[in-house]
Each structure stands twice: as C-alpha cells, then as structure tokens.
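For reference, the structure is listed below as structure tokens.
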Protein chains: 2
Amino acid sequence: MSAEERREAVVRAALAEFARGGYVGTSTGAIARRVGVSQPYLFRLFPDKRAIFLAAAARCCEQIRARLADASDGLPPDEAAGAMGEAYAQLTADREQLLFQMQMYAAAGVAEESGDHDFAEQLRRSWGEIWDLVHLRLGADDGRTVGFMGQGMLINAFLALNLPPGHRSWQACGAAPDGG
Amino acid sequence: MSAEERREAVVRAALAEFARGGYVGTSTGAIARRVGVSQPYLFRLFPDKRAIFLAAAARCCEQIRARLADASDGLPPDEAAGAMGEAYAQLTADREQLLFQMQMYAAAGVAEESGDHDFAEQLRRSWGEIWDLVHLRLGADDGRTVGFMGQGMLINAFLALNLPPGHRSWQACGAAPDGG
DNA sequence: GGACTAAGTTATTGACCAATCACTCACTGG
DNA sequence: CCAGTGAGTGATTGGTCAATAACTTAGTCC
C-alpha cells in the first residue's frame with residue numbers, strides 16, 4: 001500500500017479514535033492499531049500527533065460542507081433549509097462525526113490558550129466556508145443563516161449529552177435524534 | 001482551613017485548569033499547585049479526578065443558570081430575552097467559563113462512549129434546569145427558547161474558535177465578543 | 001499531659017505515551 | 001547480481017500521571 005493510501009487510512013482511523021477519546025485521551029498506538037500498522041510508522045506518514053488531528057479535523061469540516069452543498073444544490077432558499085437540515089441530521093446520526101466535531105471545538109480552545117494559533121486558524125477557515133455556503137443557499141439572509149447554524153449547534157449539544165428522544169428540548173426543536 | 005473550604009478552592013482551581021487543558025490534558029498536580037496544596041491531598045477531598053471534574057461541571061452549570069435567572073427576574077418575556085442575552089455575553093466573556101463549558105460537552109460524549117452514564121446524566125439534569133428557566137422566562141414559547149439557546153451555542157462556537165470581532169458570523173448575529 | 005481528630009506532607013508505584021533510532025524486507029532497474 | 005528505494009517493524013527512552021501508603025503536625029477535650 002502506498003504512503004498516500006496509508007495516510008488516508010490513518011485519517012479515517014484518527015477520526016474514529018479521537019472522537020471517542022479526545023486529543024489528549026487518544027494514543028497514537030490506538031490509531032496505529034486501528035489502521036493495522038505499527039505505532040512508529042505513523043511518524044513517517046505525519047510529523048507528529050498534532051498533524052494527525054489537524055488532518056482529521058480538515059476532513060471532518062470538509063465532509064460537513066460537502067454534504068450541505070450536495071443536499072441544497074440548485075434548490076431555492078425555502079427548500080434548501082429543510083434539505084440541509086435533513087442532511088445534517090443524517091451526518092450527525094453518525095456519532096463518530098458528532099463527537100469528533102465537539103472534540104474539535106474543545107481542542108481549538110486549548111490550542112489557542114497554549115499559543116498554537118495555527119490550529120484554530122485552520123478551523124476558522126473551514127468554519128467560514130461552511131458559513132458562507134449556508135448563507136448563500138439560504139438566500140443570503142443573515143437571520144435565516146444564524147437560525148440554521150444555531151439550531152445545528154444546539155442539536156450538537158443535545159447529541160453530545162445523549163438527550164433522550166422525546167425530551168422537551170428535542171420537541172421544542174421539532175426534531176428528534178436520527179436513528180439511522 | 002476546613003476541608004469544606006478547601007474543596008471549594010479546589011472546585012474553583014479545577015474550573016480554571018480543566019478549561020485550559022480539558023479533562024485528560026489536565027493533571028491533578030496542576031490543580032493542586034493552583035490551590036496551593038500537595039497533589040495527594042486532593043484525593044482526601046475527592047475520591048478521584050473524575051469527581052473533581054464533575055464538581056466543577058456542576059458549578060459551571062449552576063453559575064449559568066443563576067446568572068440567567070438573576071438577569072431576567074421579574075421581567076416580561078420581551079425584555080427577558082435581551083437581558084439574558086446580555087448576561088450570557090458577560091458570563092462567556094470570561095474565557096475560563098466558556099472553555100470549561102466546551103470541555104464539558106466533549107467530556108460528556110467521551111464518558112457516554114466509555115460506559116460512564118452518570119456523568120452525562122448529571123449534565124442532562126443541569127441542562128434541563130437551564131432550558132426550563134429560559135423557556136419560562138421567554139413566556140413558554142418553544143420557538144423563542146430554541147432561538148435563544150441556539151444563538152447561545154453558536155456564540156460558544158465563535159468564542160472557542162476565537163472568531164475575530166467583525167467577522168461576518170458575528171455581524172450576522174448582531175453581536176460581538178464582549179471585551180469585558 | 002495524654003488520647004483523639006482533622007489537615008496536610010513526602011515518597012513511591014505501576015502504568016502509559018510520543019517520539020527516535022536502527023533495523024528488516026520486498027521490489028525494481030541496470 | 002547488486003545497488004537503491006520505499007514500506008514497515010522492534011526496541012527503547014525520557015517523561016508524565018493518578019493513586020496509595022505511611023508519616024507529621026496542630027489543635028482540642030478531658
């Protein structure tokens with residue numbers, strides 16, 4: 001297997017492991033084991049642990065953006081909101097995606113706090129791309145964009161807390177966790 | 001100093017340290033140093049590291065609830081929204097509060113994933129209390145409640161990412177990071 | 001002044017982890 | 001057949017960390 005293919009496998013494995021353990025709580029050994037490769041070999045493919053996390057973060061953001069873009073492609077603003085909401089619900093039904101996203105925000109804060117500004121900078125760029133896409137597809141309406149993104153973040157919190165289906169918070173949203 | 005007073009000091013120190021390092025990334029030694037006490041003594045005051053984090057999490061949630069309650073006390077729904085928004089902005093201007101909150105969501109996910117359901121259960125209860133308070137003060141209007149809480153979560157993300165003041169996301173919210 | 005209690009410490013242990021180094025193995029071109 | 005290259009491993013190292021155990025004060029009550 002070529003180094004490039006291995007790197008791809010590492011990014012997928014890292015997403016899964018970091019989602020379940022966070023940045024510090026995940027060992028490079030665990031990632032290597034999931035890839036099926038020795039731990040030191042990771043450091044031939046990436047300079048260090050941080051780079052692996054960053055690659056996974058980029059992947060996570062890009063998946064979100066791509067899904068929202070696909071779901072709303074060519075739709076008028078009125079229909080785009082529902083379509084993107086549905087797409088986002090499907091995406092976050094994958095707990096791996098959801099938990100990694102939460103870890104990303106937390107890790108960004110830690111990184112900023114410890115002087116690593118490049119980390120959050122990468123996330124800010126990705127966030128901007130998602131924001132702009134949503135804004136465009138919702139007819140460049142600030143209110144709608146804030147509402148959509150806010151509800152997305154709210155759902156993230158519900159899912160992270162494992163709020164049971166039928167909880168008053170879910171009902172107020174007119175939504176429920178997506179079972180599949 | 002009595003054990004109870006020490007425990008209080010530990011909770012405050014833990015909030016500060018966990019905010020900057022996350023659950024796994026913060027050593028009990030760092031907390032002890034901030035309290036001005038030996039590391040092993042923490043384990044006389046709390047059964048383990050997890051219990052310290054849980055106590056800090058309870059404190060964090062209670063501070064949010066209390067601030068929102070104070071700010072909106074006796075106000076009609078129309079004014080309560082603005083008042084609570086202002087209060088929340090002030091609270092999260094304290095980066096310690098904000099970052100700890102993000103760590104809390106991330107840690108809840110990790111805990112659930114690893115079979116520790118009590119952790120998230122405590123947070124769900126606290127979340128429910130905050131939700132009910134906001135719902136009540138906003139005139140029991142689901143739409144408003146979702147809007148308010150969603151915008152709160154959105155602002156959390158902005159702050160965690162250190163989105164610069166004046167960023168289009170901040171402008172769309174009609175808000176800006178609270179400097180003091 | 002001695003027995004008791006509660007606050008606090010030093011020393012230690014057993015485990016884990018990121019990263020480095022030196023090495024093996026399989027393949028390919030000349 | 002051999003020199004070179006790229007994939008991959010085993011062993012190690014220096015460091016950190018949660019938790020335990022055993023010890024030391026300092027006060028208080030009788």
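Every chain is numbered from 1, with letters handed out A, B, ... down the list of sequences.
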Atom [atom1] of [X] to atom [atom2] of [N]: distance rounded to whole Å?
X: A:Arg6; N: D:dT9; atom1: CZ; atom2: C1'; answer: 12 Å
X: B:Glu4; N: C:dG8; atom1: CD; atom2: P; answer: 12 Å
X: B:Phe46; N: D:dA18; atom1: CZ; atom2: P; answer: 15 Å
X: B:Leu45; N: C:dA6; atom1: CG; atom2: P; answer: 14 Å
X: A:Lys49; N: C:dA19; atom1: NZ; atom2: P; answer: 8 Å
X: B:Met1; N: C:dT9; atom1: CE; atom2: P; answer: 12 Å

Using heavy atoms and a sub-4.0 Å distance, could you list which residues of residues 108-120 of chain A are near DNA chain D? By number, please. none
Please list, by residue number, the residues of residues 26-44 of chain A whose heavy atoms come closer than 4.0 Å to an atom of DNA chain D; answer none if no residue qualifies.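 Only A:Val37, A:Ser38, A:Pro40, A:Tyr41, A:Arg44 qualify.
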Looking at B:Arg65 and B:Glu62, is there a salt bridge between them, counting it only when a charged N and a carboxylate O are closer than 4.0 Å?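 Answer for the salt bridge query: yes.
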Can you confirm whether the side chains of B:Asp178 and B:Tyr88 place a donor and an acceptor under 3.5 Å from each other?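 B:Tyr88 and B:Asp178 do not have a side-chain donor-acceptor pair below 3.5 Å.
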State, without any angle test, whether B:Gln97 and B:Gln101 hold a side-chain donor-acceptor pair at a distance under 3.5 Å. no
Report yes or no: does A:Thr26 contribute a side-chain atom to a donor-acceptor pair with the main-chain N or O of A:Tyr23 at less than 3.5 Å?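 No.
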Under 3.5 Å: donor-acceptor pair, side chain of A:Ser72, backbone of A:Leu75: no
Approximate separation, where rounding is to 0.5 Å, of B:Tyr105 OH and A:Phe158 CZ: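 That separation rounds to 10.0 Å.
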Given the side-chain rings of A:Phe100 and A:Phe53, with only the six-membered ring counted for Trp, is the space between their centroids under 6.0 Å? yes
Show the numbers, then the answer: is there a side-chain contact (heavy atoms from CB on, under 4.5 Å) between B:Ser169 and A:Met149? CA-CA 10 Å; B:Ser169 295; A:Met149 297 294 278; over 6 Å; no
